[in-house]
Amino acid sequence: MKNFFRVFSLFIVISVLFSCASNPYAPTNRMYKKQAKVLTKQLRQIPPEQTGIATTLPYGENWVGTTNFNLRKPNYVVIHHTAQESVEQTLKTFTLPRTQVSAHYVIAKDGTIYNMLNDFYRGWHGGAGKWGNNTDLNSSSIGIELDNNGKEEFSKLQIESLLKLLKVLKEKYNIPDANFIGHSDIAPSRKVDPNANFPWEELAGEGYGLWYDEAVAIPEIAGNSIILDLPTIVEEGIIPADENEIIAKVATINSFTMDVSPEIALRIIGYDTSDVESAIKAFKLHFIQKNINSVLSDGELKILDNLYKKYFY
Ligand SMILES: [Zn+2]
């Protein structure tokens, strides 16, 4: 019997060693574990550690810990494209400490999902993003990276896996429909991911993100195609190439007026409008997905008008 246990323990040790050896990420997985330990230690500190000015606050004589709490939950999902050549390249990028970037999930073109970070940890995928008045999306969101070179289509298998993952996250954390957004939405002047091929409309149809009513928008876009096709207008000299002049000119061409200014409507949706032109481009990348410039045609204004009310109510 003793021998049996010896052989059995040896078997366990060998299989553990082998499973480590077969995973090329074993060294960085150990770094993950180490970092998780540091953070756990921080959470276990009693009373909670105070630093800086917080140490001077008039605390009560005895520390009183509440008995009622759990972990904070993510409330947003931010979707990205990797702008890299392969999923292997992205896995490597996210396991090199000097890159300082990460995501909770990476989805390969064949639909394989890599869960690189516990949902409760803060990933480093959003950067200096802003959505509404939320200025720390990394703290409140799950980051999902889709393997894509930045220009190509997203594969069917990849979107299928994404939808399955979103279903799990939405149910688990009770994330509102409107809180499924893209990196370009939260960082309009810096980011253009996911690219214009991303199926936002399909996602919204499943409850991940909002979309405009087709009936409101489509006839107007068709009727307004001359304004949508801006390069042609510029080429034919109908309006000058300078963007500010284009905006002024298109504003006079447009006859549709909204209840609020486009800037306010974009702000209500969530866009950072400190740079309005970038906010318009980000809006068009997400909801129009063509002619991504800072001009809003009549048809596009109608889409914006339809959408901001959905975000408002
Ligand atoms: Zn991104």
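Indexing begins at 1, ligand by ligand and atom by atom, following the structure's order. All residue numbers refer to positions in the sequence shown, counting from 1. Please read these numbers as outputs of a predicted model, since none were measured by experiment.
- In summary, His183 places an N/O/S atom under 2.8 Å from the Zn ion (ligand 1), meeting the contact criterion.
- For an aromatic pair to be called close, the ring centres must be under 6.0 Å apart, and His125 with His183 fails this.
- The Zn ion (ligand 1) sits nearest to atom ND1 when only the N, O or S atoms of His80 are considered.
- Hydrophobic clustering (ILVMFWY, side-chain heavy atoms < 4.5 Å, transitive): Ile268 and Ile181 are in one cluster.
- When only modelled atom types and interatomic distance are considered, Tyr173 and Asp119 share a side-chain donor-acceptor pair under 3.5 Å.
- Paired with Phe180 under the rule ring pair (Phe, Tyr, Trp, His ring centres under 6.0 Å), one option of Tyr208, Trp131, Trp211, Phe198 passes, and it is Tyr208.
- Nearest N/O/S atom of Asp193 relative to the Zn ion (ligand 1): this is OD2.
- Checking Glu145 against the Zn ion (ligand 1), every N/O/S atom stays at or beyond the 2.8 Å cut-off.
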